[in-house]
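Lettering follows sequence order; numbering is per chain, from 1. Side chains included, hydrogens not; waters and symmetry mates left out as well; all remaining heavy atoms used.
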Amino acid sequence: MTNYEIARVFTRMADLMEVQGENPFKIRAYRKAADTIRDLTESLESIAARGALETVPGVGKGIAEKIEEIVATGTTAALEVLRAQVPEGLPELLNLPGLGARTVQTLHKELGVGSIADLERAAKEHRVRGLPGMGAKSEENLLRAIESYQRLSERWPLGRALPYAERLVDALAKAPGLVRLEIAGSIRRMRDTIGDIDLVGAAQDPGPVMEAFRNLPQARETLLSGPTRSSIRTHEGLQVDLRLVKPEDFGALLHHFTGSREHNIRLREMAEAKGARINEYGVFDVKTDAEIRLGPDEADLYRFLGLPYIPPEIREDRGEIEAALAGRLPRLIEASDVRGNLHGHSDWSDGAVPITTMVEAARSLGHAYIAITDHSKALGVAGGLDEERLRRQMAEIDRLNAAEPGIRILKGIEVDILGDGALDLEEGLLAELDIVIGSVHSHFRQDEATMTARIVRALERGVVDVLAHPTGRLIGQREPYAVDVERVIEAAVATQTALEINANPARLDLSDLHARRARERGALISINTDAHHPREFGHFRYGIATARRAWLEPEYVLNTWSLERLRKWLTERRQASDARRQ
DNA sequence: GCCGTTTTCGGCCCGACTGTTTTCAGTCG
């Protein structure tokens, strides 16, 4: 039973309790526990085995008992009781925008609605409008909600959402009277996927800006519209919210809608201790309701609370407030720290352009080095290199380096880790390369024990310098393969293998949480674009963002190092591997 | 159901918009 599966049990219980009208705080407790569990890197089974369940935040006596029950039996009696009481399809109604628990209960009780199909029928037959608080307009809105729910409603990867939001900002920037406009919400925090776009702005007169917003070419329909807040749905089905305040309140607004909700709640609790209330307009004295005037920046708010500025990427209530209080916030890595790309492809395998084109692009970015790491022969579809072609490529790179291209080209390979943990090329040859990236591209369906052992075995050979995209996930397309990340991190530390944060926004693998865990355990990280074309060097922004969310300082990221330091590390780790194997 | 250098009981963020209301409940972020 994975943590993810156990979390799903509690989420399901929360859904069922919600449509039953159970105590909202109890429901929240279950959801919070589920979120926490999903984020753990250690398996609940092993936490349970050492009797430490109640040390997990949000897990108390009740939920701990249920976890033990789930670990032992696969389910819990409490869930089965709820299931017996509530129709299977009822919780799904909560996904319809505008429909909450109270209305779902009424629909179920009064009309016998037990699924979205039931609701659609009832609305079409005008049976909904007879209910208290429901009219013809409500019926219409429900039918629209059902229609749009069936059409869309998946989360967007950051790599799609961020550029889209930036285009919206560009389009809106010309609106009359607009003085500030920023992307807030989960995009500003750079989460790997996002559910909607939050824009915040400032204007003395919000009317014309709101009108321009509703009339954006991207807007398919207006969901709601008021003087300070409007929402549209785009043609692609994504919801976009715009909030506007007076320019002097902009800092408070930006902070409020950057979130995360959990982070903001913590700050409000801290404000309460100072007799102050925080909302999107500023900070107010609880007693007099008078505004406590702060400066215009987010930093002023943190200063008021006695905290240093906390960057958006780590505002998740995952320990950042405690770290800030203790003066121990990390100096997060920045894009300008990057000195090279250690995983990328050329047209020798499945890259789009010749080595020289990739090299020139990297040089123009100001990088000091670039590794060419084409695929190995097992990846036939990608034109992977066999021994003979790899030797020719190595000679080619030697020639290019001899011509002093203004950047160091490292000879590398992305070698396949085969099904049994062997490497796809002869290890003597691999040892001649400057850098070896190892990765899994096959047999994704192996069970967790087999996959974990396979990767650990590959690392223990000591030849792989960097383990690429360690979990194999493709966001929104493919689940990570079953692998015990904790064990892989352990092996990476023991063998001094760096773990990759693959910066491709479809991967972001390691994820923020896994990367943070890896760092905590002492692993080194390499942030790589895995570029197959020069334009994909632009993906660094996503890799950096993930690293920042993982609390990474540049010190622990290989490719922020100078070429000399990097080469020294590569040499020493191989010597250590050789020594270990003797 | 969880949690506690204020508390082991009584809290658990705060405000905008909608649709239906004669003053507010429900929903959302």
Let me know the distance between [atom1] of [X] and [atom2] of [N], rounded to the nearest Å.
X	N	atom1	atom2	answer
L99(A)	dG19(B)	CG	P	14 Å
E140(A)	dT18(B)	CD	C1'	13 Å
R188(A)	dG29(B)	CZ	P	20 Å
L242(A)	dA16(B)	CG	C1'	13 Å
L254(A)	dG29(B)	CG	C1'	16 Å
M13(A)	dC2(B)	CE	C1'	15 Å

Is any side-chain N of the basic residue among [X] and [Y] closer than 4.0 Å to the acidic one's carboxylate O?
X	Y	answer
R102(A)	E18(A)	no
R155(A)	D196(A)	no
R516(A)	E520(A)	yes

Can you check nucleotides 8-12 of chain B for protein contacts, nitrogen or oxygen pairs under 3.5 Å, and list what you find?
none

Cut-off 3.5 Å, no hydrogens considered: what does the side-chain donor-acceptor table look like for residues 61-71 of chain A, sequence neighbours left out?
residue	atom	partner	partner atom	Å
K66(A)	NZ	Y30(A)	OH	3.4
E69(A)	OE1	T76(A)	OG1	3.0
E69(A)	OE2	A77(A)	N	2.8

Check: T234(A) side chain, A219(A) main-chain N or O, donor-acceptor pair, under 3.5 Å: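 Here the side-chain-to-backbone pair does not exist.
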
Given 3.5 Å as the limit, does a donor-acceptor pair link the side chain of R189(A) with the main chain of T258(A), or not? yes

Using a cut-off of strictly less than 4.0 Å, decide whether [X] has a side-chain nitrogen or oxygen near OP1 or OP2 of [N].
X	N	result
R31(A)	dG1(B)	no
S225(A)	dC17(B)	no
R229(A)	dC17(B)	no
S230(A)	dC17(B)	no
N141(A)	dG19(B)	yes

Provide the distance between the two [atom1] atoms, one in [N] and one in [M], to the nearest whole Å.
N	M	atom1	answer
dG19(B)	dT23(B)	C1'	14 Å
dT20(B)	dT27(B)	C1'	14 Å
dT8(B)	dC3(B)	C1'	9 Å
dT6(B)	dC2(B)	P	23 Å
dT21(B)	dG26(B)	P	14 Å

Taking any heavy-atom pair under 4.0 Å as a contact, classify P227(A): base, sugar-phosphate, or nothing.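 Sugar-phosphate only.
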
Side chain of [X] only, please: which of [options] is the nearest?
X	options	result
Q239(A)	dC17(B), dG15(B), dG29(B)	dG29(B)
D198(A)	dG1(B), dG19(B), dG29(B)	dG29(B)
R261(A)	dA16(B), dG29(B), dG1(B)	dG29(B)
A29(A)	dT27(B), dG29(B), dC2(B)	dC2(B)

Searching all strands shown, indicate the nucleotide that pairs with dT8(B) (Watson-Crick or G-U wobble; both distances under 3.5 Å).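 Base partner found: none.
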
Relative to the 5' end of DNA chain B, which residue comes earlier, G58(A) or N279(A), by the nucleotide with the nearest heavy atom? G58(A)

Could you say whether G62(A) or T228(A) is positioned toward the 5' end of DNA chain B, judged by the nucleotide with the nearest heavy atom to each?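 Nearest-nucleotide comparison on DNA chain B picks G62(A).
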
Test R293(A) against D300(A) for salt bridge (charged side-chain N to carboxylate O under 4.0 Å, His left out), laying out the working first. CA-CA 10 Å; R293(A) 270 274 155 220; D300(A) 297 305; over 6 Å; no

Residue pair K246(A), D249(A): steps toward the salt bridge (charged side-chain N to carboxylate O under 4.0 Å, His left out) verdict: CA-CA 6 Å; K246(A) 301 286 187 213; D249(A) 294 334; over 6 Å; no

